[in-house]
Amino acid sequence: MSRRRFPVGVQDFESIIKDGFVYVDKTEYIYDLANNYGNAMFLNRPRRFGKSLLCSTLRHYFQGHKELFKGLAIEKLEKNWTEYPVFNFDMSQCKHDNPDYVAQSLNLILSNFEKKYDLSNAQLSFGDRLKMLIITAHERTGSRAVLIFDEYDSPVLNVIDEPEKMDVIRSIYNSFYGPVKNMGDHLRFVFITGITKFSQMSIFSTINNLSNISMLKEWEGLCGITAQELERDFKEDIDRLATELNYTQEQVMQKLRDRYDGYHFGPKMIDVYNPFSIVNTFANEVLKDYWFASATPSALIKILDLYNFKLSDIEGCEIYNRDFDQPFDNLESAIHILYQSGYLTIKNYEFDFDLYTLGIPNGEVFSGLYSTLMPRYLSKSHDANRNLIRIVQRAIFKDDINTALTAVQNYLSALPYDLGVKNELDFEAILKVVFDCVGIETQTEVKNARGRCDVVLKNRNTIYVLELKISSSATVDDALAQIDEKNYLIPYWNDPRRKVKVGVTVDPETRTIKEWKVE
């Protein structure tokens with residue numbers, strides 16, 4: 001059976017269709033966006049989640065390229081293919097920490113469009129040049145124009161910790177987007193994507209009818225791969241991966257769920273997989289943290305530093321729907337930006353209060369996020385971190401949990417007084433980062449019918465169930481008793497691997513492991 005072609009790094013709809021790459025059919029969404037909802041929309045999704053492919057698909061649809069959509073859902077929906085003049089602005093081309101470079105890049109994009117219509121307006125403001133493009137295109141073609149702005153916030157995020165540069169870039173934006181406000185008679189459709197929505201940016205105040213569809217239930221599956229789409233469109237790839245990894249089909253599905261699933265973009269809580277990681281996994285037939293490793297999350301690091309973000313701030317944080325739309329200048333927390341960037345996701349929604357509970361979506365993000373935070377929140381010494389990983393790796397390979405925990409104990413003891421473990425969730429996070437780094441399957445806050453187990457470690461031969469107690473009065477026997485009382489081992493009875501209970505106490509004063517006991 002020949003392998004299918006996966007569009008790793010390919011974001012152009014035409015290339016995907018003509019070159020025979022795997023395509024998850026989103027064209028029913030495209031038709032609804034273009035015809036049944038509104039004329040101006042904003043969509044927030046994390047990086048590498050298919051926003052650029054979505055913009056490319058919209059561009060080809062509005063350019064009337066009917067032949068590209070043969071066999072897709074939209075073929076049965078669209079009866080009157082119409083060609084519109086389309087202006088697609090990829091604002092990631094303007095990503096730079098120098099405002100002059102941002103202006104030069106925007107000038108180049110506009111100039112390329114102006115050449116098509118024999119316009120020479122370099123002496124005008126960016127906004128007036130865009131206005132002339134729209135009017136000219138409408139007059140010459142007889143069709144209203146389509147505007148697509150992809151990754152509109154790239155230049156802003158790049159200077160998120162530099163207010164002076166941000167103000168300059170904001171003024172460029174004001175000049176560019178401002179005239180669009182009164183162009184409704186000349187516009188058929190406006191679509192804007194980005195990682196986050198800055199309320200005070202002119203694009204959201206000047207385009208009066210701009211609808212933010214990012215968290216509406218109708219569009220939860222617009223980007224990414226839903227659970228239904230994964231099972232429908234990737235069955236043969238799941239089978240192939242199972243054979244390659246010597247797993248059953250269900251084991252592979254569980255690993256994909258644990259590692260790449262868990263994103264929710266609205267109140268319906270539709271499960272969405274990270275498309276970048278899924279495509280790379282099937283292309284390479286290896287389970288890795290593709291999304292987090294795909295680029296240095298420089299904007300993330302800036303945000304975490306800017307707001308002094310801590311490990312304990314992450315799981316279970318609550319945020320009202322209205323708070324997602326705060327002006328950036330008034331933000332007191334990085335929570336909503338972390339959500340919009342894909343590092344947190346919706347875990348629960350309370351309709352009566354319009355309140356969301358957020359948390360980390362999956363294992364890939366957990367490992368990557370905590371690995372990023374580790375040198376900032378714990379030891380800043382990369383040598384100390386690497387040494388810890390080496391010791392733990394060798395110990396776990398030999399099924400020596402005692403040596404592994406001794407290494408963690410010594411590591412935490414050496415941290416400065418103002419750093420280190422603050423609560424139980426912090427300690428669980430540290431253990432997960434450490435054991436994930438050495439290739440051990442690690443789960444935290446594992447729920448069953450009686451309670452929630454703190455940490456579960458699984459290597460080739462053994463399943464370790466760890467219960468943590470952070471209290472000066474708690475004992476390791478208390479921790480072991482809770483494992484028995486809450487039946488934490490029951491879910492693993494049918495697993496042939498050895499089961500080991502580990503009770504651990506952490507001293508709140510010294511912020512390290514006090515003692516542990518293995519049964």
Side-chain angles (χ1 to χ4, degrees), residues 5 7 10-43 45 50-93 109-119 129-152 180 183-193 207 209-211 213 218-219 221-223 229 233:
R5 299 187 70 195
V10 182
Q11 302 179 72
D12 177 60
F13 176 72
E14 181 178 18
S15 298
I16 288 174
I17 297 302
K18 287 186 175 181
D19 294 338
F21 288 106
V22 173
Y23 175 69
V24 176
D25 190 353
K26 301 284 187 178
T27 60
E28 185 173 354
Y29 285 111
I30 296 292
Y31 183 82
D32 284 341
L33 277 174
N35 299 283
N36 297 331
Y37 190 76
N39 292 329
M41 279 157 275
F42 168 74
L43 177 73
R45 287 295 183 268
K51 298 189 299 297
S52 295
L53 175 58
L54 174 63
C55 289
S56 175
T57 310
L58 280 166
R59 175 171 65 84
H60 286 289
Y61 168 72
F62 279 113
Q63 289 176 333
H65 297 162
K66 179 180 178 180
E67 71 281 0
L68 295 179
F69 295 88
K70 186 176 182 180
L72 300 177
I74 202 171
E75 185 181 32
K76 298 178 180 179
L77 298 170
E78 183 57 79
K79 305 303 180 184
N80 301 303
W81 289 86
T82 303
E83 182 180 355
Y84 297 90
V86 178
F87 300 104
N88 186 7
F89 293 86
D90 178 4
M91 301 304 289
S92 67
Q93 297 178 26
I109 296 173
L110 284 167
S111 296
N112 288 333
F113 283 126
E114 288 166 340
K115 289 178 183 177
K116 181 177 181 180
Y117 292 96
D118 297 320
L119 296 175
R129 292 170 67 181
L130 178 59
K131 182 177 180 179
M132 290 301 299
L133 271 172
I134 294 169
I135 293 174
T136 302
H138 189 186
E139 290 176 346
R140 295 188 186 179
T141 66
S143 298
R144 291 178 294 163
V146 172
L147 296 181
I148 300 173
F149 301 98
D150 189 19
E151 301 287 3
Y152 92 98
V180 177
M183 299 294 292
D185 292 343
H186 298 281
L187 292 173
R188 163 66 176 84
F189 188 77
V190 179
F191 191 72
I192 302 157
T193 80
I207 306 178
N209 60 337
L210 184 65
S211 299
I213 66 171
E218 295 90 341
W219 313 110
L222 179 57
C223 289
E229 290 166 343
D233 296 345

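All residue numbers refer to positions in the sequence shown, counting from 1. This one's a predicted model, so the numbers in the text were calculated from it and none came from an experiment.
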Can you tell me how far apart [atom1] ([X]) and [atom2] ([Y]) are? Round to the nearest 0.5 Å.
X	Y	atom1	atom2	value
I74	I30	CD1	CD1	6.5 Å
Q11	T57	CD	OG1	11.0 Å
I148	L58	CD1	CG	5.0 Å
L222	I213	CG	CD1	6.0 Å
D90	Y152	CG	OH	15.0 Å
F62	R144	CZ	CZ	10.0 Å

Nearest heavy-atom neighbours spanning [X] and [Y]:
X	Y	answer
I16	V22	CG2-O, 4.0 Å
F189	A34	CE1-CA, 4.0 Å
D118	R140	N-NH1, 4.4 Å

Exercise for the section: Any chance you could lay out the side-chain contact (heavy atoms from CB on, under 4.5 Å) test for C223 and L43, step after step, and finish with the verdict? Expected result: CA-CA 10 Å; C223 289; L43 177 73; 3.9 Å; yes
Within the distance-only criterion (no hydrogens, no angle test), does the side chain of [X] pair as donor or acceptor with the backbone N or O of [Y] below 3.5 angstrom?
X	Y	value
D19	F21	no
Q63	H65	no
T141	S143	yes
R188	Y84	no

Given the side-chain rings of [X] and [Y], with only the six-membered ring counted for Trp, is the space between their centroids under 6.0 Å?
X	Y	result
F191	F149	no
F113	F89	yes
F13	Y23	yes

Pairwise side-chain contact, [X] with [Y], heavy-atom cut-off 4.5 Å (strictly under):
X	Y	result
L133	L110	yes
F42	T193	no
L33	M41	yes
H60	I17	no

Handout entry: Chi angles and distances behind the side-chain contact (heavy atoms from CB on, under 4.5 Å) call for L147, L130
Key = CA-CA 10 Å; L147 296 181; L130 178 59; 4.2 Å; yes
Exercise for the section: Kindly indicate, with the supporting measurements, whether the criterion side-chain contact (heavy atoms from CB on, under 4.5 Å) is fulfilled by D150 and I192. Expected result: CA-CA 6 Å; D150 189 19; I192 302 157; over 6 Å; no
Establish, from distance only, whether the side-chain atoms of [X] and [Y] form a donor-acceptor pair under 3.5 Å.
X	Y	result
E151	S92	no
S111	R129	yes
E218	Y37	no

Exercise for the section: May I ask you to say whether E229 pairs ionically with K26, meaning some side-chain N is under 4.0 Å from a carboxylate O? Expected result: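 Salt bridge flag = yes for K26 with E229.
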Exercise for the section: May I ask you to decide whether R59 forms a salt bridge with D12, counting only side-chain N to carboxylate O separations under 4.0 Å? Expected result: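 The answer is yes: the pair qualifies as a salt bridge.
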Practice task
Please check if atom CD in E75 has more than 12 non-hydrogen atoms from other residues, nucleotides or ligands closer than 6.0 Å.
Solution key: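 Enclosed.
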Exercise for the section: Would you please classify the geometry between the Y61 ring and the W81 ring as parallel, tilted or perpendicular, with 30° and 60° separating the classes? Expected result: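 Plane angle over 60°, so perpendicular.
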Exercise for the section: Could you label the plane-to-plane angle of the H186 and H138 rings as parallel, tilted or perpendicular, counting under 30° as parallel and over 60° as perpendicular? Expected result: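 Answer is perpendicular, since the angle exceeds 60°.
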Handout entry: side chain to side chain contact (heavy atoms under 4.5 Å, CB included), paired with V146, selected from I134, V86, L187
Key =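 Filter result, single survivor: V86.
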